[in-house]
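Chain letters run A, B, ... following the sequence lines, proteins first, then strands; residues in each count from 1.
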Protein chains: 2
Amino acid sequence: MSQPERATLERAKRGSISQLLFKCARLLNETALARARERSGLDVRPAHTTIFPHLDLEGTRLTELARRLGVSKQAAGQLVDELVEMGVLERVPDPVDARAKLIRFGRRRGGLALMEGLAVLGEIEGKLADELGRQRIDALHETLLRLLAVLERGSL
Amino acid sequence: MSQPERATLERAKRGSISQLLFKCARLLNETALARARERSGLDVRPAHTTIFPHLDLEGTRLTELARRLGVSKQAAGQLVDELVEMGVLERVPDPVDARAKLIRFGRRRGGLALMEGLAVLGEIEGKLADELGRQRIDALHETLLRLLAVLERGSL
DNA sequence: GGTATTAGTCAAGCATGGTTGACCATAATG
DNA sequence: CATTATGGTCAACCATGCTTGACTAATACC
């Protein structure tokens, strides 16, 4: 093996951005999910959490939700089914279209079910700030937002 | 809904660290994989890429590889099978133990197969630096390393 | 009002990435 | 040298998170 190859390799050993991102994301997500599970007693799975950021508070139609998620409406429908079963979401008839139903957050223990999840996220981010420093976390947040923009533009 | 709830919600809309990380990781990984596929003409899947960082250049036994990956040796074995089929990895008998085989990078087009993959990663990281600034990328790298350490310590 | 479209559901199936259990050959140990 | 442990493989199976296709009911359009 040539010398430049060895050098490339040593850099790679440290971990590529891509691999690091992936590993961190996976671990952080597992942590958050575990917390959410023990706090709510519900069997929340990763796929469920992808729904929440795409739900409007007033409610969102299944077809629209599926479109936002980038999956078939059947796939979205199944996730919603499970979350409705748990009491996290609810389906209400759409007042302006009798075919449609609006999917929105349900109420658990007197508050929006959503809030339980957000509390978990807030708590984790707080601990993270304690560990790594508020400034570093803010910078990370900012960088990730920019990175996401670049990635979604597809200009890589 | 109460006012503090609304505020929490607004913060959440921007995207939690966890969700941002996950989305960025997924997109970046897909990008890298797509690149690797078109460059190599091989059907590389996400699971394959998780193996590479755990392989020693001298070769690694399957059992050890499985241990590092945190999966059963059967699971690791299947991934290795596929990569051997593609010519990316090769199995050679372990000189010091006739039961064992060493798994190591094969040669494709005259160079270590590994280098093809590393070239893709390097290229992407370069473009990323162009888009977001070298400094920001370096900071991201550093933050991710620290984050990973915290996560692996399990102190969240 | 008839026709095409849209919202949602039911059912079956599939790709990915694992698992567990049984087994064989070689190695290490008393 | 008999026994136990280890490295690897074969086979069957499973959970997750999707997909496609067929269908019903309500709506929109001409």
Side-chain angles (χ1 to χ4, degrees), chain A residues 19 22-23 25-26 29-30 33-34 36-37 42-52 54-56 58-86 89-104, chain B residues 22-23 25-26 29-30 33-34 36-37 42-56 58-86 89-104:
Chain A
Q19 283 165 332
F22 201 75
K23 201 161 183 178
R26 199 172 41 78
N29 246 278
E30 276 169 14
L33 267 177
R37 270 192 288 260
L42 299 174
D43 184 24
V44 192
R45 280 176 295 117
H48 296 139
T49 70
T50 66
I51 282 192
F52 301 146
H54 297 292
L55 278 182
D56 304 314
E58 324 82 64
T60 305
R61 292 188 184 177
L62 181 62
T63 305
E64 172 61 15
L65 180 59
R67 195 194 58 73
R68 293 183 190 172
L69 287 171
V71 303
S72 65
K73 45 188 190 170
Q74 294 92 323
Q78 189 179 325
L79 292 176
V80 170
D81 283 347
E82 292 167 1
L83 287 165
V84 167
E85 182 70 25
M86 296 178 194
L89 299 183
E90 58 185 13
R91 269 188 250 248
V92 297
D94 186 327
V96 310
D97 188 336
R99 295 170 302 178
K101 296 165 194 171
L102 294 177
I103 296 149
R104 65 183 193 195
Chain B
F22 201 76
K23 202 161 181 178
R26 199 172 42 77
N29 246 279
E30 276 169 15
L33 267 177
R37 270 192 288 258
L42 298 173
D43 184 25
V44 192
R45 280 176 295 115
H48 295 139
T49 69
T50 66
I51 282 193
F52 301 146
H54 297 292
L55 277 181
D56 303 314
E58 324 83 63
T60 305
R61 293 186 184 177
L62 181 62
T63 304
E64 171 61 15
L65 180 59
R67 195 195 57 74
R68 293 183 190 173
L69 287 170
V71 302
S72 65
K73 44 189 189 170
Q74 294 93 322
Q78 188 179 324
L79 291 177
V80 171
D81 282 347
E82 292 166 2
L83 288 165
V84 167
E85 181 71 25
M86 297 179 194
L89 299 182
E90 58 185 15
R91 268 188 249 248
V92 298
D94 186 327
V96 311
D97 188 335
R99 294 169 301 177
K101 296 165 193 170
L102 294 178
I103 296 150
R104 64 182 193 196

Exercise for the section: Round to the nearest Å and state the distance from K101(B) atom NZ to dT9(D) atom P. Expected result: 4 Å

Problem - Candidate nucleotides dA27(C), dG18(C), dC18(D), ranked by approach to the side chain of A47(A) - the nearest - result: dC18(D)

Practice task
Return yes if some donor-acceptor pair links the side-chain N/O of R61(A) with the main-chain N/O of A100(A) below 3.5 Å, else return no.
Solution key: no

Handout entry: Gap between atoms CG and P, on L69(A) and dG8(C) respectively (whole Å)
Key = 13 Å

Problem - N or O in side chain of R45(B) less than 4.0 angstrom from dA15(C) OP1/OP2 - result: no

Practice task
Report yes if a side-chain nitrogen or oxygen of T63(B) is closer than 4.0 Å to either non-bridging phosphate oxygen (OP1 or OP2) of dG8(D); otherwise report no.
Solution key: yes

Exercise for the section: Provide, to the nearest angstrom, the distance between the CZ atom belonging to R67(A) and the P atom belonging to dC18(D). Expected result: 17 Å

Practice task
Kindly point out which of dT19(C), dA26(D), dG7(D) is positioned nearest to the side chain of V71(B)?
Solution key: dT19(C)

Problem - Under 3.5 Å: donor-acceptor pair, side chain of H48(B), backbone of R45(B) - result: yes

Handout entry: Per Q74(A) side chain, nearest of listed nucleotides dA22(D), dT16(D), dA27(C)
Key = dA22(D)

Practice task
Working to the nearest 0.5 Å, report the span between CD of E90(B) and CZ of R104(B).
Solution key: 4.5 Å

Problem - Atom pair distance, as rounded to whole Å: NE2 in H48(B) and P in dA15(C) - result: 15 Å

Completion exercise
Residue pair V96(A)/S72(A) against DNA chain D: nearer the 5' end by closest nucleotide is S72(A)

Handout entry: Separation of T60(A) OG1 from R67(A) CZ (nearest 0.5 Å)
Key = 10.5 Å

Problem - Phosphate OP1/OP2 of dG8(D) contacted by R61(B) side-chain N/O (<4.0 Å) - result: no

Exercise for the section: Would you mind reading off the distance between D81(A) atom CG and dT16(D) atom P, rounded to a whole angstrom? Expected result: 16 Å

Exercise for the section: Could you tell me whether the side chain of R37(A) and the main chain of D43(A) form a donor-acceptor pair under 3.5 Å? Expected result: no

Fill in the blank from the handout: Taking dA27(C), dA7(C), dT9(C) as options, the one with an atom nearest any side-chain atom of A98(B) is dA27(C)

Handout entry: Closest to the A100(A) side chain, choosing from dT16(C), dG18(C), dA7(C)
Key = dA7(C)

Fill in the blank from the handout: Taking for L102(B) and for D97(A) the nucleotide of DNA chain D with the nearest heavy atom, the one nearer the 5' end belongs to L102(B)

Practice task
Look at the side chain of K73(B) and decide which nucleotide, out of dT9(D), dG18(C), dT27(D), has an atom nearest to it.
Solution key: dT9(D)

Exercise for the section: Grab the CZ-P distance between R26(B) and dT16(D) for me, whole Å please. Expected result: 19 Å

Handout entry: Nearest-0.5 Å distance, CG of residue L79(B) to CD of residue Q74(B)
Key = 12.0 Å

Exercise for the section: Return the nearest nucleotide to the side chain of R99(A); candidates are dG8(C), dG18(C), dT5(C). Expected result: dT5(C)

Fill in the blank from the handout: Rounded to whole Å, the CD-C1' distance (E85(B) to dT9(D)) equals 16 Å

Problem - Candidates dA7(C), dG21(D), dT9(D) - which lies nearest the side chain of R91(B) - result: dT9(D)

Problem - Nearest-angstrom distance from the residue atom CG of L79(B) to P of dG8(D) - result: 15 Å

